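Here's the structure, in structure tokens; my notes come after.
When a residue number appears, it is its place in the shown sequence, counting from 1. Note that ligands are numbered from 1 as they come in the structure, with each ligand's atoms numbered from 1 the same way. Keep in mind that what you see is a predicted model, and the values were worked out from it rather than measured. Heavy-atom basis, side chains included; hydrogens, waters and symmetry copies ignored.
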Amino acid sequence: MQFGIYGLKPEEKEFFDAWAAENGVTLQFHQEILGSQTPADFAGDDVVVALQTVAYPPAAIEAMAQAGVKYLALRNVGTDNVPFATLAANGIQLANVPAYSPQSIAEFAVSLTLQLVRNFGYVIQSISHHQYTDAMQRTGKELGTLTIGVVGTGRIGASAVKLFQGFGSQVIAYDPYPNPALKDQVEYVDDLADLWPRVDVVDLHIPGTKENTHLIGADQIAQMKDGVYLINTARGNLIDTQALIAGLASGKIAGAGIDTFEFEADVYPAWEKNEAPANPLYEKLLADPRVIMTPHIAYHTETAVENMVTVSLNNAKAFVETGHAPHELDVAKL
Ligand code: NAD
Ligand code: COI
């Protein structure tokens, strides 16, 4: 059995090696993500095991199919970058890792919130210029005095609800499918329009589907409290970036934590080369001390990395041995 591992990160290697030794499977490692591969690149692979935040090009999927690969095992949760129709048309089955560590992303969202409400952007900037009195004059807010609106209460959102409640925040949630585990523990609103005017922080934990694109735009921001904070560790397309920048400019928005940026595909090549991204919207947000921009790293903990590797490899092995995987997704229905 042979798996082609794409988008290999150095920190994953020890977990790949341990799993391969235990399971007697050959792993072919590739640091590059799926892009311009040809069928020859996939020679001998039974499964392609991939991790990337930018789109999977249909041509790479077709090259996999031409090489006889029948399975794609993702090492992550989100599938918004996957061309489902191309997979279906080529008879390639798909699996993801739905819960490698919801806590990792939820903790990051809380961490962004804490940093924003304590003015970390200004404080760090001031201190780096030896402007200590500026840092000393910045008064923050405590989470226990704030109301948090958690949008999406699946695995990650539910963890975020509990973490914020642990800080004493009041939490209001919205999800068209309320989480039974949170019954009696959080107040759900029936409509997002009821959530926007009531919360100090909007924290997003929903998939980046077409329907959710620009869930937050100028109209929604106008309905929010003055001085609202926005936290997006979910997907960049959920927030209309132009509207976010306008909201910051007017002061309506007090700050934003953006781990997932709307135009991530445009800035990703620069991130990879440790260069400044040329995207003007990105530059504007990065230069604003009220904004914390991180390069899609909310997931990145030791626990998450180990689970992403081992669960995706278990999916891959099950695909080869049984034709199905524990976390298989129906590409025809996505
Ligand atoms: P999940 O499927 O467990 O939960 C998602 C929830 O969102 C579901 O309960 C669903 O009903 C709800 N939902 C969908 N559309 C909604 C809407 N318009 N309004 C309110 N609720 C809505 O998924 P999860 O594991 O919690 O992950 C959520 C998202 O987090 C993923 O889809 C992925 O995009 C993102 N994510 C980001 C990172 C990162 O490193 N930044 C890591 C993992 C996942
Ligand atoms: C996900 O798991 O969906 C993420 O956003 C993490 C990323 C490394 C792909």
Heavy-atom nearest neighbour in the protein, as seen from [atom], with distance rounded to 0.1 Å:
atom: atom 31 (C) of ligand 1; answer: Val77 CG1, 4.1 Å
atom: atom 5 (C) of ligand 1; answer: His205 O, 3.8 Å
atom: atom 36 (N) of ligand 1; answer: Arg235 NH1, 3.8 Å
atom: atom 35 (C) of ligand 1; answer: Ala234 O, 3.6 Å
atom: atom 4 (O) of ligand 1; answer: Gly154 CA, 3.2 Å
atom: atom 19 (N) of ligand 1; answer: Tyr174 CE2, 3.4 Å
atom: atom 40 (O) of ligand 1; answer: Tyr299 N, 3.1 Å
atom: atom 42 (C) of ligand 1; answer: Tyr100 OH, 3.1 Å

Should the proximity of [X] to ligand 1, defined as any heavy atom under 4.0 Å, be assigned to the side chain, the backbone, both, or neither?
X: Leu215; value: side chain
X: Ile105; value: side chain
X: Glu211; value: neither
X: Ile156; value: both
X: Arg155; value: both

Quick one: which of Thr53, Asp80, Asp259 gives a side-chain hydrogen bond (donor to acceptor under 3.5 Å, both in side chains) with Arg235?
->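 Among Thr53, Asp80, Asp259, the one meeting side-chain hydrogen bond (donor to acceptor under 3.5 Å, both in side chains) with Arg235 is Asp80.
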
Nearest to [atom] by heavy atom, [options]: which?
atom: atom 6 (C) of ligand 1; options: Asp175, Ile206, Leu204, Thr301; value: Asp175
atom: atom 14 (C) of ligand 1; options: Pro207, Ser101, Gly152; value: Pro207
atom: atom 17 (C) of ligand 1; options: Asn212, Asp80, Asn237, Asn96; value: Asn212
atom: atom 38 (C) of ligand 1; options: Thr209, Val150, Val97, Thr233; value: Thr233

Atom of Glu142, atom of Thr145 and distance for their closest heavy-atom approach =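 Shortest heavy-atom contact: O-OG1, 2.7 Å.
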
Before giving the answer on side-chain hydrogen bond (donor to acceptor under 3.5 Å, both in side chains), spell out for Glu262 and Asn237 the whole-Å C-alpha distance, their side-chain angles and the decisive distance to 0.1 Å.
-> CA-CA 5 Å; Glu262 185 172 11; Asn237 67 324; over 6 Å; no

What are the atoms of ligand 1, with element, lying closer than 4.0 Å to any heavy atom of [X]?
X: Val151; result: 19 (N), 20 (C)
X: Tyr177; result: 11 (O)
X: His296; result: 39 (C), 40 (O), 41 (N)

Partner residues of Phe42 under the ring-ring contact (aromatic ring centres under 6.0 Å, His included) criterion, sequence neighbours left out =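 For Phe42, the residues satisfying ring-ring contact (aromatic ring centres under 6.0 Å, His included) (neighbours in sequence not counted) are Tyr6.
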
Which residues pass the ring-ring contact (aromatic ring centres under 6.0 Å, His included) test with Phe108, sequence neighbours left out?
->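 In terms of ring-ring contact (aromatic ring centres under 6.0 Å, His included), with neighbours along the sequence ignored, Phe108 is linked to no residue.
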
Need the list: ligand 2 N/O atoms against protein N/O atoms, distance under 3.5 Å, rounded to one decimal.
residue: ligand 2; atom: 2 (O); partner: Val77; partner atom: N; Å: 2.8
residue: ligand 2; atom: 2 (O); partner: Tyr100; partner atom: OH; Å: 2.6
residue: ligand 2; atom: 3 (O); partner: Asn76; partner atom: ND2; Å: 3.2
residue: ligand 2; atom: 3 (O); partner: Gly78; partner atom: N; Å: 2.7
residue: ligand 2; atom: 3 (O); partner: Arg235; partner atom: NH2; Å: 2.8
residue: ligand 2; atom: 5 (O); partner: Arg235; partner atom: NH1; Å: 2.8
residue: ligand 2; atom: 5 (O); partner: Arg235; partner atom: NH2; Å: 3.1
residue: ligand 2; atom: 5 (O); partner: His296; partner atom: NE2; Å: 2.6

Polar side chain donor-acceptor pair, Thr86 to Tyr56, under 3.5 angstrom =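 There is no such pair between these side chains.
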
Ser111 versus Glu107, side-chain donor and acceptor atoms under 3.5 Å =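 No, no side-chain donor-acceptor pair sits under 3.5 Å.
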
After noting the C-alpha distance and the side-chain angles of Glu11 and His300, does the key distance pass the side-chain hydrogen bond (donor to acceptor under 3.5 Å, both in side chains) rule?
-> CA-CA 10 Å; Glu11 64 276 18; His300 206 181; 2.7 Å; yes

Salt bridge present between Arg138 and Asp134 (N-O < 4.0 angstrom) =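 Salt bridge: yes.
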
Output yes when Asp194 and Arg198 qualify as a salt bridge under the 4.0 Å nitrogen-oxygen rule, no when they do not.
->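 No, this pair does not count.
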
Rounded distance (nearest 0.5 Å) linking atom CZ of Arg75 with atom CD of Glu12 |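 Output value for this atom pair is 4.0 Å.
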
Would you say Met64 and Leu94 are hydrophobically clustered, going by side-chain heavy atoms of ILVMFWY under 4.5 Å?
->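 Both belong to a single hydrophobic cluster.
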
Between Leu238 and Leu195, is there a shared hydrophobic cluster once you connect ILVMFWY residues whose side-chain heavy atoms come closer than 4.5 Å?
->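 As far as the 4.5 Å side-chain criterion goes, Leu195 and Leu238 are connected within one cluster.
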
Describe, in one word, how the ring planes of Tyr100 and Tyr299 are oriented to each other, choosing from parallel (under 30°), tilted (30 to 60°) and perpendicular (over 60°).
->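 Tyr100 and Tyr299: perpendicular rings.
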
Heavy-atom gap Phe108 to ligand 1 smaller than 4.0 Å =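 No; Phe108 lies far enough from ligand 1 that no heavy-atom distance drops under 4.0 Å.
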
Does ligand 1 have any atom sitting under 4.0 Å from a heavy atom of Pro176?
->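 In this structure, Pro176 qualifies as a contact of ligand 1 - some heavy atom is under 4.0 Å.
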
Heavy-atom side-chain proximity of Asp46 to Phe319 below 4.5 angstrom =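 Side-chain contact under 4.5 Å: no.
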
Within the distance-only criterion (no hydrogens, no angle test), does the side chain of Asn81 pair as donor or acceptor with the backbone N or O of Gln52 below 3.5 angstrom?
->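 Yes, Asn81 side chain to Gln52 backbone: donor-acceptor pair under 3.5 Å.
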
Tyr177: which other cluster members, linking ILVMFWY side chains closer than 4.5 Å, directly or transitively?
->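 Tyr177 clusters with nothing; isolated.
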
